[in-house]
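Scroll down for the structure; my scribbles are underneath it.
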Amino acid sequence: IVIEGRDTCIGYTDLAPIAGLAVPHLGCDEDAPRILSEFPDCQFVMAMDKPNIKNALAAKYPKDGFSGYITTDAYVSQNSDIDGTAVIQKSAYISHSVTIDEFTKINVGAQIHHDVVIDPFVTVAPGALIMGNVQVGSSSYIGAGAVIRQNIIIGENVVIGAGAVVVHDIASGTTAMGVPARG
């Protein structure tokens, strides 16, 4: 909610309340329609990991109702193109000539190197490393600590498992795990 030119956090959504947070738990991600009706002036920050929920919310509500954020300790090169709905979390590193499309989440400590294109609704989990000249298709999930070698194409709706090392292109709709990653 914007009050006197300032953004105010009204709460958060998650599967269950998180102990110790100073802001209220508003419900789970699926409760977004109810939350918007209770707080008609609020904007969502789509930091959730589930691409299908992000897709459903984005289809239902106008894009200008969403906002993204980049934490102050993340590094983002000035010549990268980051959509205004993207979420870049703590200690993330975004190198030069990177394109990050709408409703994408780059999680804590993830590294995205030069000339990478990340399509809409992608989640890059904590500590993942994406080397140069990689393309990641829409609604894909890159697991925690996964490594994607340079010059790789990841299709749409792909899940890369935690700790996987991707050395070959991955076809759309595939789940790939292991070292090297196999689908």
Side-chain angles (χ1 to χ4, degrees), residues 7 9 12 29 43-55 57-58 63-183:
D7 291 335
C9 181
Y12 69 97
D29 295 338
Q43 289 186 311
F44 273 90
V45 174
M46 299 213 351
M48 76 255 321
D49 291 329
K50 297 177 183 175
N52 60 333
I53 296 172
K54 287 194 250 186
N55 277 314
L57 288 171
K63 184 178 176 183
D64 64 359
F66 296 93
S67 60
Y69 70 90
I70 299 173
T71 62
T72 57
D73 66 348
Y75 172 80
V76 178
S77 174
Q78 290 182 346
N79 69 346
S80 286
D81 182 18
I82 312 297
D83 186 85
T85 60
V87 173
I88 313 293
Q89 292 189 316
K90 182 178 174 84
S91 302
Y93 172 85
I94 311 297
S95 186
H96 65 89
S97 302
V98 170
T99 300
I100 297 178
D101 216 326
E102 61 188 9
F103 304 113
T104 292
K105 178 182 179 184
I106 308 301
N107 220 311
V108 175
Q111 295 182 40
I112 315 296
H113 289 269
H114 67 89
D115 301 296
V116 170
V117 175
I118 298 180
D119 289 344
F121 302 104
V122 170
T123 295
V124 179
L129 171 60
I130 300 176
M131 300 305 293
N133 296 304
V134 169
Q135 180 166 347
V136 180
S138 66
S139 300
S140 291
Y141 181 88
I142 310 301
V147 175
I148 301 176
R149 196 195 69 170
Q150 66 274 9
N151 303 314
I152 298 290
I153 297 174
I154 305 293
E156 296 180 359
N157 299 303
V158 167
V159 174
I160 304 295
V165 177
V166 179
V167 297
H168 298 289
D169 293 352
I170 304 293
S172 292
T174 301
T175 296
M177 298 182 281
V179 179
R182 293 180 204 88

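None of these values were measured; they are calculated from a predicted model.
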### Message
Please find the pair of heavy atoms, one from Gly143 and one from Ala128, that lie closest to each other, and give the distance.
### Response
O-CB, 3.7 Å
### Task
First locate atom CG of Asp119, then atom OG1 of Thr104, and finally report the distance between them rounded to the nearest 0.5 Å.
8.0 Å
### Task
Name all pairs fulfilling the ring pair (Phe, Tyr, Trp, His ring centres under 6.0 Å) condition that reach into residues 72-91, sequence neighbours left out, sorted by first residue then second.
Tyr75-Tyr93
#### Entry: Value rounded to 0.5 Å, distance of CD1 in Ile142 from CG in Asn107
12.5 Å
### Task
Report the distance from atom CD1 of Ile154 to atom CD1 of Ile118, rounding to the nearest 0.5 Å.
10.5 Å
Which side-chain N or O atoms in residues 160-183 pair as donor and acceptor under 3.5 Å with protein atoms at least two apart or in another chain?
| residue | atom | partner | partner atom | Å |
| --- | --- | --- | --- | --- |
| Asp169 | OD1 | Ile153 | N | 2.9 |
| Ser172 | OG | Glu156 | N | 2.9 |
| Thr174 | OG1 | Ala171 | O | 2.8 |

#### Entry: From CZ (Phe103) to OG1 (Thr85), nearest 0.5 Å
4.5 Å
### Query
Closest heavy-atom contact between Arg149 and Met131?
C-CB, 3.9 Å
### Query
Is a side-chain donor or acceptor of Ser91 paired with a backbone partner of Gly109 at a separation under 3.5 angstrom?
no
### Query
Looking at CD1 of Ile88 and CD1 of Ile100, how far apart are the two atoms once the value is rounded to the nearest 0.5 Å?
4.0 Å
#### Entry: Close side-chain approach of Ser139 to Phe121, heavy-atom, < 4.5 Å
yes
### Query
Shortest non-hydrogen contact from Gly137 to Val122?
O-CG2, 3.2 Å
### Query
Can Val136 and Val124 be said to form a side-chain contact (heavy atoms from CB on, under 4.5 Å), step by step?
CA-CA 10 Å; Val136 180; Val124 179; over 6 Å; no
### Query
Who passes side chain to side chain donor-acceptor pair (under 3.5 Å) against His113, sequence neighbours left out?
Gln111
### Task
May I ask you to test the Ile130-Val98 pair for a side-chain heavy-atom distance under 4.5 Å?
no
### Query
Got a second to check how far Ile94's CD1 is from Gln78's CD, nearest 0.5 Å?
14.5 Å
### Message
Testing the basics here: between Asp73 and Lys90, what is the closest heavy-atom pair and its distance to 0.1 Å?
### Response
OD2-CG, 3.1 Å
### Message
Suppose we screen for side chain to side chain donor-acceptor pair (under 3.5 Å). Which residues come up paired with Ser97, at least two apart in sequence or across chains?
### Response
none
### Message
The criterion is side-chain contact (heavy atoms from CB on, under 4.5 Å); which residues satisfy it with Asn133, sequence neighbours excluded?
### Response
His114, Asp115, Asn151
### Summary
Ala125 and Ala110 have their tightest heavy-atom pair at O-CB, 3.9 Å
